[in-house]
2 protein chains.
Amino acid sequence: MTSIKDVASRAGVSVATVSRVLNDHPSVRQDTRDRVLAAVAELGYRPNALARSLRTDQTRTLGLVISDVLNPFFTELARSVEDEARALGYSVIIGNADEQPDLQDHHVRTLLDRRIDGLLVSPAGGGSPLMLEAAQAGVPMVFVDRWIQGVDVPVVRTDGREAVRDLVAHLYRLGHRRLAIITGPAATTTGSERVEAFRDAIREHGLTLPPEHIGQGDFQADSGRRATAHFLDMPDPRDRPDSIFAADNLMALGAMDEIRARGLKVPDDIALAAFDDIPWFVHTDPPITAIAQPTGELGRAAVRALIDRVEGRPAPSVTVSARLVVRRSCGESEGKPR
Amino acid sequence: MTSIKDVASRAGVSVATVSRVLNDHPSVRQDTRDRVLAAVAELGYRPNALARSLRTDQTRTLGLVISDVLNPFFTELARSVEDEARALGYSVIIGNADEQPDLQDHHVRTLLDRRIDGLLVSPAGGGSPLMLEAAQAGVPMVFVDRWIQGVDVPVVRTDGREAVRDLVAHLYRLGHRRLAIITGPAATTTGSERVEAFRDAIREHGLTLPPEHIGQGDFQADSGRRATAHFLDMPDPRDRPDSIFAADNLMALGAMDEIRARGLKVPDDIALAAFDDIPWFVHTDPPITAIAQPTGELGRAAVRALIDRVEGRPAPSVTVSARLVVRRSCGESEGKPR
DNA sequence: CTGAAAGCGCTTACAG
DNA sequence: CTGAAAGCGCTTACAG
């Protein structure tokens, strides 16, 4: 690879001068600047980012650890994160935890070793000593979507409580009384919050959420399938739920797989709703009623917060809200989003 | 950040020794090794990957530039690439071109500046002087899925010709005679190949593919919507296609949006099929007939080829084949995959 | 078995 | 306005 030395000798100047023109330092005479630029062009020289970062102690790079790349919600989040970061002059390196705390820590470690300027994470599990340590060591960090208790960093998330209440009211209105949920890992905040909101809302209608109606999932499709099978296998039909709320879109996919495999129909045999709205939900049979998050907004706000921290400014936590999008999977004809 | 010097002084050895134990160099006495390791643990020391890479001239990192993160095909590809790379001791940095050649080049440049050991790309556009130059300069590189003519690097892709022929035969058998395609950019190989295969197959049935039945798309959803609107707006109903083949899943999504917006029904009013199979196609209304690629296999083979190049071994191009998965979107009841 | 030293490719305070 | 030199955090050939 051609280095700054090659450019310097070709332009007949010192490497210091080359460095200055590359960094737009004002104190360089126009004609020497021109000579340097010409040499750069002729040699096709590109500065070595590693060397530069080593020297300046900044990489202008953000790390993003997402829970699962195969989940359209996170993929859209990643997209908005990258867009906003690029607009602000940063690049981002993505790590996919695949919902595994170990893999998540692997990525956090790798990212830290690369000396990224800041870390954005949507934690896959519960506590992570590694991340706690990093936060305490002063690594600029912010949580998106999910967060870890006891780690004191800003959180950018959506509060789905209201939307979940709306969903439960919607189900109740349509006559459903035996509501069930397929939840994410209790160790994740979104996992526990969504069940709690669901349970609270159910109570408001004088109903209960029995333990058998809480299917333990892990936010991935297979677990949605298994939990649904469990519900449908309950011996006494009167115990079986008449509606399922999947706490994310992938588990809803799994639920649909299982329901279809048994020749059952949504919503006639069982109602289905999901947290996270995705474009495909419009075209499924039937269209799925879902809770939509302002995903792009979330990603952009998270990046801004992180860059604030990186550049030494304070950054507040931010909470946006979700909304229920009624379609046909709980019964009744298609309504308009409220 | 704590550096190798801190570890050295704490352990009472030189930095050279610390470096040796970190790199598992055999010639270190067990007890000094222990002392060093203890110091590393006490300080929570993590080597600076930038410094190491600068010195060793290798990053053990691969760059992957994909055409569109929002496309489930690429997201699955990225997932398998990352998995295989990690298994082989490499990490990967992903860049999302969003189907824009400029953005693609931006990422290639950034990746090159970071001195990644090798580059995996699924080119968004036609020729890229930047990539041609990099290839000529000896940067280990391989193309996945799509490739660029005239750039001499291994290509790992799937050949969809046979599957497209099967699809056309399937459509013909069901009585469709006015077949149309929504294609990707002609500058991309998958864009041009899929139309060609489609056209050739149509000819075999004594039919033709008139220019008005070729909708120009860009592999993203909106373009699928527009192309479909165009087809449906043709003044003379006898000119309107009776079936649409979308060259990727996102354009199929757009087509469904448009068809549904007009109150039309698949397959009764118009048949629909797509290149790339995704889990949602099982649950759409109706389930979509699609051409499935062995995506994971593609990603893994691409990584192996790239690492072969990186480590100085020759790497062959590899071509896998696709298969038609018949569902109900072209008419007729659900068949089994052939 | 271990250390001193050179050097990877940059940036930047210090002189001039 | 420009250059010589130090130094970022590592690795590794060379001595001992």
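Order of the sequence lines fixes the chain letters, A, B, ..., with proteins taken first and strands second; residue numbering starts at 1 for each chain. This one's a predicted model, so the numbers in the text were calculated from it and none came from an experiment.
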message = Using side-chain heavy atoms (C-beta onward) and a distance below 4.5 Å, is B:Asn96 in contact with B:Phe74?
response = no
ask   = Among pairs that include at least one residue of residues 146-157 of chain A, which meet side-chain hydrogen bond (donor to acceptor under 3.5 Å, both in side chains), considering only residues two or more places apart or in two chains?
value = A:Ser67-A:Arg146, A:Glu99-A:Arg146, A:Arg157-A:Glu193
ask   = Which atom pair, heavy atoms only, marks the closest approach of B:Val318 to B:Ala301?
value = CG2-CB, 4.4 Å
message = Run the side chain to side chain donor-acceptor pair (under 3.5 Å) test against A:Asp31 and tell me which residues pass, sequence neighbours left out.
response = A:Arg29
ask   = So, B:Ser317 side chain and B:Val155 main chain: donor-acceptor pair closer than 3.5 Å or not?
value = yes
request  = Output every pair passing salt bridge (Lys or Arg N to Asp or Glu O under 4.0 Å) with a member in residues 78-92 of chain B, not counting sequence neighbours, ordered by first then second residue.
outcome  = A:Asp98-B:Arg79, B:Arg79-B:Asp83, B:Glu82-B:Arg86, B:Asp83-B:Arg86, B:Glu84-B:Arg304
task = On DNA chain C, reading 5' to 3', which nucleotide is the first and which the last to sit with an atom under 4.0 Å from a heavy atom of chain B, could you check?
result = C:dC1 to C:dG9
key: Partner set under side-chain contact (heavy atoms from CB on, under 4.5 Å) for B:Pro101, not counting sequence neighbours   = none
ask   = Of all residues at least two apart in sequence or in a different chain, which pass the side chain to side chain donor-acceptor pair (under 3.5 Å) check with B:Glu42?
value = B:Arg10
ask   = How would you list, by chain and number, every residue that makes a side chain to side chain donor-acceptor pair (under 3.5 Å) with A:Thr110, sequence neighbours excluded?
value = none
message = Considering only residues two or more places apart or on different chains, which pairs with a residue in residues 102-122 of chain A satisfy salt bridge (Lys or Arg N to Asp or Glu O under 4.0 Å)?
response = A:Asp113-B:Arg46
request  = Mind listing the residues from residues 17-37 of chain A sitting with a heavy atom below 4.0 Å of DNA chain C? Number order is fine.
outcome  = A:Ser19, A:Arg20, A:Asn23
message = Please list, in numerical order, the residues of residues 39-62 of chain B that have a heavy atom closer than 4.0 Å to any atom of DNA chain C.
response = B:Leu54, B:Arg55
task = Of all the heavy-atom pairs spanning B:Ile148 and B:Gly127, show the shortest one and how long it is.
result = CG2-CA, 3.9 Å
key: side chain to side chain donor-acceptor pair (under 3.5 Å) against B:Asn48, all qualifying residues, sequence neighbours excluded   = none
query = Taking only Watson-Crick and G-U wobble pairs with both distances under 3.5 Å, what dot-bracket line describes DNA chain C, where [ ] shows pairs that cross earlier ones and | shows pairs with another strand?
reply = |||.||||||||.|||
